[in-house]
Novice: 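Let me begin by handing over the structure; questions about it come next.
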Amino acid sequence: MNEEAGNRVSVTHEWWRTAVIYQVYPRSFADGNGDGVGDLAGIAARLPYLSALGVDAIWFSPWYPSPMADAGYDVADHRDIDPAFGTLAEAEELIARAHALEIRTIVDIVPNHCSDRHPWFLEAVAAGPGSAARELFWFRDGRGPDGELPPNNWQSIFGGPAWTRLPDGQWYLHLFAPEQPDLNWRNPKVREEFEDILRFWFERGVDGVRIDSAPVVAKDPTLADFDPAAPPSPHPYEDRDEVHDIYRAWRAVADSYPQRRALIGEVWLPDPARFARYLSPDELHTAFNFDFLGCAWDAVALRRCIDATLVTHAPVNAPATWVLANHDVTRTVTRYGRADTAFSHAARGMRHGSPSDLALGTRRARAAALLSLALPGSVYLYQGEELGLEEVEDIPDGLRQDPIFRRTKGADPGRDGCRVPLPWSGQGPPFGFSPDGAAGEPWLPQPAAWRDLTAEVQDGAPGSMLELYRAALRLRRQLSGPGDAELRWLDTDRDVLAFTRGDDVACVVNLSGGPTRLPEHRGVLLASGRLEGDLLPSDTAVWLRR
Ligand code: TEU
């Protein structure tokens, strides 16, 4: 499905339209130096694995210097690499080595906030109330007789109030953790700084940036109270019109390079029309499809989501994206094995630990992989998805690191369960994540059962998840039809998804309780499970030659 096969990095084709993009979460991918934390040396050593998997690009979750209050999404310096991960020279080398393997690279940019250890924030704290340094953030006096109450009623997305008070009495705004003070995007210095950060990474050869929490960067400067159950329009901080001006300026930066760079937005928004505005021709190139990511394993819901996605993207001529998982959400195998197969952040605490049939979840995750890789647009894979890893739900409380866990007093377990270091090889932890004899244990404990899911065990094993992904990615490149070709639904039962891509390929996914007969075809290209003659079993997907 990739027209650029064979020469993908050197041509100026809009690669992001059809790319398969693999998310590396550096802490948990591979540990080169044996301290129990993933790093750039570990990633470099595993590049051949990603090349053999057949991905077109790697997105690196934040690798910058950070106190890791939010696993690197609290950035202290956007122009360097955290010493725990390596050096800037290693990052440059990694970008170059990926390019040599025809793999593009995407870095994560976090514009809404920085770390409370960022020099700007340290300076603002030191400079005191009324200083210019505080203008780069949202500092305010509190309410109540002694200013002991927060300036407004806004709540942090991670739980608790969105304000923290300093010893000098002023409060500062943080939509996420207190260690992540929000930047004031009304200040031109903030804008200049981020445009310069984009140039910094584009000049180091990265092919795109993923924009963290893209819609929340602009705030209502009156900082008025609001009722979260009935927020006003415009919302005080979500999806305000001013954000588009910011991203138009970013697009101009991206377009100023001869090999154009892609802007990819993390845009969680319920309103498709508002979502599509981010994809205007002079703004972002693509944005993650969170409706698809949250959608239940249900044919009617999925078809509705796919149709709505295509309808949303068509007028702005932006490619759709298909995402099943990332570092913030419950792993697919666990989710699809539960009675309730949808995902939402709000329901994570409630669903945590509810029974999951992992064999069933795996069957469905395999079918979902073939579904998403057959849809028109680009696809995001989250590390470990290709190994069929489940959510680790029994991490001892004392080892949990996600601030969500603490800030909700355990009501929401947080996101550690999808961030457990990958199993590469061997019979027990660290499963090749760290080198043999490493001093440090993996920063989160790995389940013993992962001995059956290591990349080593799955390599070359017929029917393994890894081999399914490899075969699907290989075919996706080879098949001429799919590319940007239109999706046409075939007439089927309500609980079966069947569509063609171009003239030669069809995809059929059976979400009904029993087997279904395959439509007319000229051969099976790939199946997520064993077929019974011309019957496609339940929770199985197939790619057919038409
Ligand atoms: O996430 C933004 C975001 O709001 C959610 O995805 C978040 O994880 C969820 O609401 C929590 O329940 C981005 C990053 O993907 C996430 O890892 C960071 O923690 C967050 O921004 C702050 O930078």
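Counting starts at 1 for both ligands and their atoms, in listed order.
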Novice: If you count the atoms of ligand 1 from 1 in the order shown, which ones are under 4.0 Å from a heavy atom of Arg348?
Specialist: 11 (C), 12 (O)
Novice: I'd like to know if the side chain of His313 and the backbone of Ala308 have a donor-acceptor N/O pair within less than 3.5 Å.
Specialist: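 Here the side-chain-to-backbone pair does not exist.
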Novice: Checking the N or O distance criterion of under 3.5 Å, is ligand 1 in contact with Asp412?
Specialist: no
Novice: Measure the distance from atom 14 (C) of ligand 1 to every protein heavy atom, then report the residue, atom name and distance (to 0.1 Å) of the closest one.
Specialist: Asp212 OD1, 3.0 Å
Novice: Check the pair Phe121, Tyr172 against ring pair (Phe, Tyr, Trp, His ring centres under 6.0 Å), reporting the backbone distance first and the verdict last.
Specialist: CA-CA 10 Å; Phe121 193 74; Tyr172 66 89; 4.8 Å; yes
Novice: Which residue pairs pass the salt bridge (Lys or Arg N to Asp or Glu O under 4.0 Å) test with at least one member in residues 323-334, sequence neighbours excluded?
Specialist: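 For residues 323-334: Asp328-Arg415, Asp328-Arg419.
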Novice: Which class fits the ring pair Phe194 and Trp250: parallel under 30°, tilted 30 to 60°, perpendicular over 60°?
Specialist: parallel
Novice: Heavy-atom pairs closer than 4.0 Å: do any link ligand 1 to the side chain of His174, the backbone, both, or neither?
Specialist: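 No part of His174 comes within reach of ligand 1.
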Novice: Report yes or no: does Trp120 contribute a side-chain atom to a donor-acceptor pair with the main-chain N or O of Leu136 at less than 3.5 Å?
Specialist: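 No, the answer is negative, given that no donor and acceptor are paired below the 3.5 Å cut-off.
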Novice: For atom 20 (C) of ligand 1, tell me which residue out of Tyr25, Phe288, Trp268, Phe176 has the closest non-hydrogen atom.
Specialist: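 When every heavy atom of Tyr25, Phe288, Trp268, Phe176 is considered, Phe176 comes closest to atom 20 (C) of ligand 1.
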Novice: Would you mind checking which non-hydrogen protein atom is closest to atom 19 (O) of ligand 1, with the distance to 0.1 Å?
Specialist: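 Checking every protein heavy atom, the shortest distance to atom 19 (O) of ligand 1 gives Asp70 OD2, 2.5 Å.
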Novice: Ligand 1 versus Ile404, non-hydrogen atoms closer than 4.0 Å: side chain, backbone, both, neither?
Specialist: side chain
Novice: For residues Val267 and Arg274, determine if any side-chain heavy atom of one lies less than 4.5 Å from a side-chain heavy atom of the other.
Specialist: no
Novice: Using heavy-atom distances, let me know which of Glu266, Arg210, Arg419 sits nearest atom 3 (C) of ligand 1.
Specialist: Glu266
Novice: Without swapping roles, check the side chain of Arg400 against the backbone of Gly410 for a donor-acceptor pair under 3.5 Å.
Specialist: no
Novice: Looking only at protein heavy atoms, identify the closest one to atom 15 (O) of ligand 1 and say how far it is in Å.
Specialist: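 For this ligand atom, the closest protein heavy atom is Asp328 OD2, 2.5 Å.
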Novice: Taking 4.0 angstrom as the limit and counting only heavy atoms of His113, give me the atoms of ligand 1 inside it, by number and element.
Specialist: 22 (C), 23 (O)
Novice: Which of the atoms in ligand 1, numbered in the order shown and given with their element, are less than 4.0 Å from a heavy-atom of Arg415?
Specialist: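 Every atom of ligand 1 under 4.0 Å from some heavy atom of Arg415: 7 (C), 8 (O), 16 (C), 17 (O), 18 (C), 19 (O).
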Novice: Return the closest protein heavy atom for atom 10 (O) of ligand 1 as residue, atom name and distance.
Specialist: Ile157 CG2, 3.6 Å
Novice: Quick one, Asp74 with Arg117, criterion salt bridge (charged side-chain N to carboxylate O under 4.0 Å, His left out). Give me CA distance, side-chain angles, the key distance, then yes/no.
Specialist: CA-CA 9 Å; Asp74 47 323; Arg117 300 297 165 82; over 6 Å; no
